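Okay, structure first, notes after.
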Protein chains: 2
Amino acid sequence: MLQSHLLDRSESTYSALSAPDEAMPDASLRDVFLRLGGTILVERNGEIYADGEPAEHVYEVMSGVVRICSYLEDGRRQICAFHFPGDVFGFELDEVHAFSAEAVTPCKLAMARKSAFKDAASREPTLCAAMCRTVATSFAQLQAHVVLLGHKSAQQRVTAFLKALTRHHANAGVVELPMSRQDIADHLGLTIETVSRTITQLQDLGVISLEGSRKITVRRRQLAA
Amino acid sequence: MLQSHLLDRSESTYSALSAPDEAMPDASLRDVFLRLGGTILVERNGEIYADGEPAEHVYEVMSGVVRICSYLEDGRRQICAFHFPGDVFGFELDEVHAFSAEAVTPCKLAMARKSAFKDAASREPTLCAAMCRTVATSFAQLQAHVVLLGHKSAQQRVTAFLKALTRHHANAGVVELPMSRQDIADHLGLTIETVSRTITQLQDLGVISLEGSRKITVRRRQLAA
DNA sequence: CGGACAGTTGAATCAAATCAACAAACGTGG
DNA sequence: CCACGTTTGTTGATTTGATTCAACTGTCCG
């Protein structure tokens, strides 16, 4: 009852808050997914594709959250990006996936064969442009992440992360974290302990407040970049 | 062996960059540049475009080396990428450049209006595909860089960087560094001092040797990832 | 020659990692 | 429903790798 649940909660919450800004990157892309592909459901922590597998599909997140990650030899993990409803991923040019994609929460994904996409794109220039735009969007995000990882302190990383998350919430000021501390740490290039400490530190500063470990209220817009 | 497999893959990702030196990413792209645009020369440390300027052109490096960078409020700089002959840059979708591009060495660049490119692309699907591929290539490089910045030690960063540079040299084993220690530091998320120390350290280990500060001979292929 | 960079090296400091407990939340099965 | 083990998150003590501050060397070029 108390836990009635993860599943429910994430399902409803996320599809609900997919609404805001970048939920719909491109109507024409969405159409193509519906025309060319189907949808799949993936359970929490389920694998969407793995590092090394042939890369044959392109995906769009319909609900839930996806992480794109790389496993290092020593077992550590780097999460390059999280994808939220409306985001498209899996368009890497290589024949083989260089990274893995996993479901952070239960996910519903639209999925289409790359080849079908390419065919469609060669007939419809606007579609091709839409794809380019999609890739470019991810590219810009990644560039920003490089800046974050290259030169920022733990506190700056965490605040930037929280700030980015608020974009996915209609209800400004309240952020529901779909991912674990470990996920956050692996994304920000920190350790769980540092993430945890930094969050309590921000709490002490009055910048945020927690209600349970996964729900954060942002007190001030003053999240320094 | 599983190990070495992993290693190889991440390697190739990093410098899946552009192929060797003059290998052009795409003949059709090169053609379009010649058809639609002209070439420009930029002196060492010259600005190609700045952060905040309207983004109207796309470029291809014909000779020289370019850095794409971001300046933080505190004056520090993050270099997202270096571009070598054959690389295309300036594809960002935004109307305005989020990053700056500067010449590390004197450069000759092919340059074409984005709008002309788009027009051409809408008529020629293969061109559009080539553009997508180009963006995807930069994307893959950047992903690899995120992994590097997120979880690697100074030594790993420097060795990975040197290894990536060898791709641009026909004469395997000898790397001529076109950029300063400061450039390297800003790219790898380190300080000049750390880069310098790490290089001497690699020298002490017998992995590399220097002939002047800008010319490095790689002794062993044993550059661990 | 001398001044300005570019690069190296040393010593002290610090932010984040590591090592180590502990606490809280979850969920499973009696 | 509760007891119990497991996972997830927090906190503390200590270590450490990289930064910072500072001095010094080499090199290029007017």
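On a predicted model such as this, the values are computed, not experimentally measured, just so you know. The chains referred to below are lettered A, B, ... by the order of the sequence lines, with proteins before strands, and numbering in each begins at 1. Note: hydrogens, waters and symmetry copies are ignored here, and every other heavy atom, side chains too, is used.
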Protein-nucleotides 16-21 of chain C N/O pairs under 3.5 Å:
unit_1: C/dA16; atom_1: OP1; unit_2: A/Ala154; atom_2: N; d: 2.7
unit_1: C/dA17; atom_1: OP2; unit_2: A/Thr191; atom_2: N; d: 3.3
unit_1: C/dA17; atom_1: OP2; unit_2: A/Thr191; atom_2: OG1; d: 3.0
unit_1: C/dA17; atom_1: OP2; unit_2: A/Thr194; atom_2: OG1; d: 2.4
unit_1: C/dT18; atom_1: O4; unit_2: A/Arg197; atom_2: NH2; d: 2.8
unit_1: C/dC19; atom_1: N4; unit_2: A/Glu193; atom_2: OE2; d: 3.1

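Under the 4.5 Å side-chain criterion, counting only non-hydrogen atoms from C-beta, A/Ile199 is in contact with A/Val195. Using a 4.5 Å cut-off on side-chain heavy atoms (C-beta onward), B/Glu176 and B/His168 make no contact. Here the side chains of B/Lys215 and B/Leu177 are not in contact, with every heavy-atom distance at 4.5 Å or above. Side-chain contact between B/Phe99 and B/Cys69 is absent, with no heavy atoms from C-beta onward closer than 4.5 Å. Between A/Cys80 and A/Arg67, the closest side-chain pair of non-hydrogen atoms is not below 4.5 Å.
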Produce a footprint string for nucleotides 25-30 of chain D: one letter per nucleotide, 5' end first; B if the base is under 4.0 Å from any protein heavy atom, S if only the sugar-phosphate is, - if neither.
------
Intermediate values then yes/no, side chain to side chain donor-acceptor pair (under 3.5 Å), A/Thr137 and A/Thr134
CA-CA 5 Å; A/Thr137 302; A/Thr134 299; 6.0 Å; no
Go through it in stages, so that I can follow the logic: the residues are A/Thr217 and A/Glu211, the test is side chain to side chain donor-acceptor pair (under 3.5 Å), and I'd like the CA-CA distance, side-chain angles, deciding distance and then a yes or no.
CA-CA 8 Å; A/Thr217 306; A/Glu211 302 162 46; 3.0 Å; yes
I'd like to know whether B/Asp183 forms a salt bridge (charged side-chain N to carboxylate O under 4.0 Å, His left out) with B/Arg77, so could you lay out the CA-CA distance, the side-chain angles of the two residues, the decisive distance to 0.1 Å, and finally the verdict.
CA-CA 9 Å; B/Asp183 284 331; B/Arg77 189 181 63 165; 2.7 Å; yes
Please determine whether salt bridge (charged side-chain N to carboxylate O under 4.0 Å, His left out) holds for the pair A/Lys114 and A/Glu56, giving the CA-CA distance in whole Å, both sets of side-chain angles, and the decisive distance to 0.1 Å.
CA-CA 6 Å; A/Lys114 256 194 204 173; A/Glu56 292 172 345; over 6 Å; no
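In this structure, CG of A/Leu202 is placed 12 Å from P of D/dT10, rounded to the nearest angstrom. Rounded to whole angstrom, the span from the CD1 atom of A/Ile184 across to the C1' atom of D/dG9 amounts to 11 Å. The CG-C1' distance, from B/Leu188 to D/dG17, rounds to 16 Å in whole Å. Rounded to an integer number of Å, the gap from A/Leu210 CG to D/dT10 P is 7 Å. Here C/dA24 presents its P atom at 18 Å from CD of A/Glu211, a figure rounded to the nearest Å. The CD1-C1' distance, from B/Ile216 to C/dG7, rounds to 12 Å in whole Å. Rounded to whole Å, the distance from CD1 on B/Ile192 to P on D/dC21 is 13 Å. The distance between atom CG of B/Leu177 and atom P of C/dA6, rounded to the nearest whole Å, is 15 Å.
The phosphate of C/dT9 has neither OP1 nor OP2 within less than 4.0 Å of any side-chain N or O from B/Ser196.
Taking every side-chain heavy atom of A/Arg44 into account, D/dT8 is the closest of D/dT11, D/dT8, C/dA6.
Residue-level contact check: A/Ser180 touches the backbone only, with heavy atoms under 4.0 Å from sugar-phosphate atoms and none from bases.
Of the residues near DNA chain C, A/Ser213 and B/Arg181, the one whose nearest nucleotide (by heavy atom distance) lies more toward the 5' end is B/Arg181.
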